K.L.:
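Structure below; questions to follow.
Predicted model, so just to flag it, every value in this text is computed and none were measured.
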Amino acid sequence: MTDRLTQLQDAIDNMLTLQFTLQIYNQTKHPYADIPGQLSQAPKETKTEAGQLTNGDTTTQQPNGPSQPQKQAQQQAQQEGPEEEKPPVPDTPENFERALRELAQAMVLQEQQMEVLINSLPGLERNEAEQVQRMKALEAELREVEAERVKAEEERVKMLDALGGVMVGARRVP
């Protein structure tokens, strides 16, 4: 398991990813609104015989190959290079609202997870002077524990020397 700061950084990264996703979705899939007195900016959508949406391309496949306008368009596209991207087809208002609601709920949940992580960080309930005092107390405790460790190490060395002396003095009994 990772520490709290790493978890918080991951949560922030996830929040930024969600915000970016929401912004791109909003920008590319919003339904176009009709503004009185202005021409519609919405891409023209028609359904082909197969039920597929197109952006105003109403020519259909002929039994003997592509139609003349399609042949010209293919030749022109080959001459010009890569084909221009057509604007994305907007979602229906119902789907758009549902998707926005889901993304907003995900952002709220992510924000709540970040709040829990932030509140679990140490030191938020203490001011700077109390934190400095606590660190000094911990340093003093660490010095005491270190002194005990050094003393135990010295005792261990003495015991090993004594054990070595006993072993040297011991003989085999025939």
K.L.:
Just do the side chain to side chain contact (heavy atoms under 4.5 Å, CB included) check on Q131 and M135 with the steps written out, would you?
P.N.:
CA-CA 6 Å; Q131 289 179 9; M135 288 179 63; 5.5 Å; no
K.L.:
Identify the two heavy atoms, one from M107 and one from M15, that lie closest to each other, and give their separation to 0.1 Å.
P.N.:
O-CE, 3.5 Å
K.L.:
Please name the pair of heavy atoms, one in P90 and one in P31, separated by the smallest distance, quoted to 0.1 Å.
P.N.:
CB-CA, 3.9 Å
K.L.:
Compute whether any side-chain donor of one residue and acceptor of the other, for D13 and Q9, lie under 3.5 angstrom apart.
P.N.:
yes
K.L.:
Other residues, nucleotides and ligands only: do more than 12 of their heavy atoms fall within 6.0 Å of CD on E111?
P.N.:
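Correct, the count exceeds 12.
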K.L.:
Could you walk me through whether F96 and R98 pass side chain to side chain contact (heavy atoms under 4.5 Å, CB included), step by step?
P.N.:
CA-CA 5 Å; F96 183 74; R98 181 186 44 77; over 6 Å; no
K.L.:
Are there more than 12 heavy atoms of other residues, nucleotides or ligands under 6.0 Å from atom CG of L39?
P.N.:
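Atom CG in L39 is not crowded, with 12 or fewer foreign heavy atoms closer than 6.0 Å.
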K.L.:
Are I118 and L18 grouped together when hydrophobic residues (ILVMFWY) are joined by side-chain heavy atoms under 4.5 angstrom apart?
P.N.:
yes
K.L.:
Please report the interatomic distance CD(Q19) to CD(Q110), rounded to the nearest 0.5 Å.
P.N.:
10.0 Å
K.L.:
Ignoring hydrogens, what is the shortest heavy-atom contact between H30 and Q27? Give both atom names and the distance.
P.N.:
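Looking at all heavy atoms of both residues, the shortest contact is CD2-O, 3.1 Å.
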K.L.:
Test of understanding: clusters of I, L, V, M, F, W, Y form through side-chain heavy atoms closer than 4.5 Å, transitively. Do M114 and L16 belong to the same one?
P.N.:
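The answer is yes; both residues are in one hydrophobic cluster.
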K.L.:
Taking 4.0 angstrom as the limit, do K136 and E139 come out as a salt bridge?
P.N.:
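The answer is no: the pair does not qualify as a salt bridge.
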K.L.:
Any donor-acceptor pair under 3.5 Å linking the side chain of N95 with the backbone of D91?
P.N.:
no
K.L.:
Which value, rounded to the nearest 0.5 Å, describes the distance between L8 atom CG and E115 atom CD?
P.N.:
10.0 Å
K.L.:
I would like to know whether Q7 and D3 meet side chain to side chain contact (heavy atoms under 4.5 Å, CB included); could you show each step before the answer?
P.N.:
CA-CA 6 Å; Q7 290 176 349; D3 64 298; over 6 Å; no
K.L.:
Is K158 paired with E155 through a side-chain N to carboxylate O contact shorter than 4.0 Å?
P.N.:
no
K.L.:
Strictly by modelled atom types, are N14 and T17 linked by a side-chain donor-acceptor pair under 3.5 Å?
P.N.:
no
K.L.:
Are any of the side-chain heavy atoms of L103 and N26 separated by less than 4.5 Å?
P.N.:
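A side-chain contact is absent here, since even the closest heavy-atom pair is not under 4.5 Å.
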K.L.:
Starting at CD of E144, measure out to CD of E141 and round the result to the nearest 0.5 Å.
P.N.:
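Reported value, rounded in 0.5 Å steps: 7.0 Å.
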K.L.:
Give a yes or no on whether I12 and L5 share a hydrophobic cluster (residues Ile, Leu, Val, Met, Phe, Trp, Tyr; joining criterion: side-chain heavy atoms under 4.5 Å apart).
P.N.:
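Yes; tracing contacts between hydrophobic side chains, which count when under 4.5 Å, links both residues.
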K.L.:
Treating R4 as the side-chain partner and L117 as the backbone partner, does any N or O pair qualify as donor plus acceptor under 3.5 Å?
P.N.:
no
K.L.:
To the nearest 0.5 Å, what is the distance between CZ on R149 and CD on E154?
P.N.:
10.0 Å
K.L.:
Please report the interatomic distance OG1(T28) to CD(Q23), rounded to the nearest 0.5 Å.
P.N.:
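Those atoms lie 10.5 Å apart.
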K.L.:
More than 12 foreign heavy atoms under 6.0 Å from CD of E128: is that the case here?
P.N.:
no
K.L.:
Could you tell me whether the side chain of E130 and the main chain of N127 form a donor-acceptor pair under 3.5 Å?
P.N.:
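Answer holds: yes.
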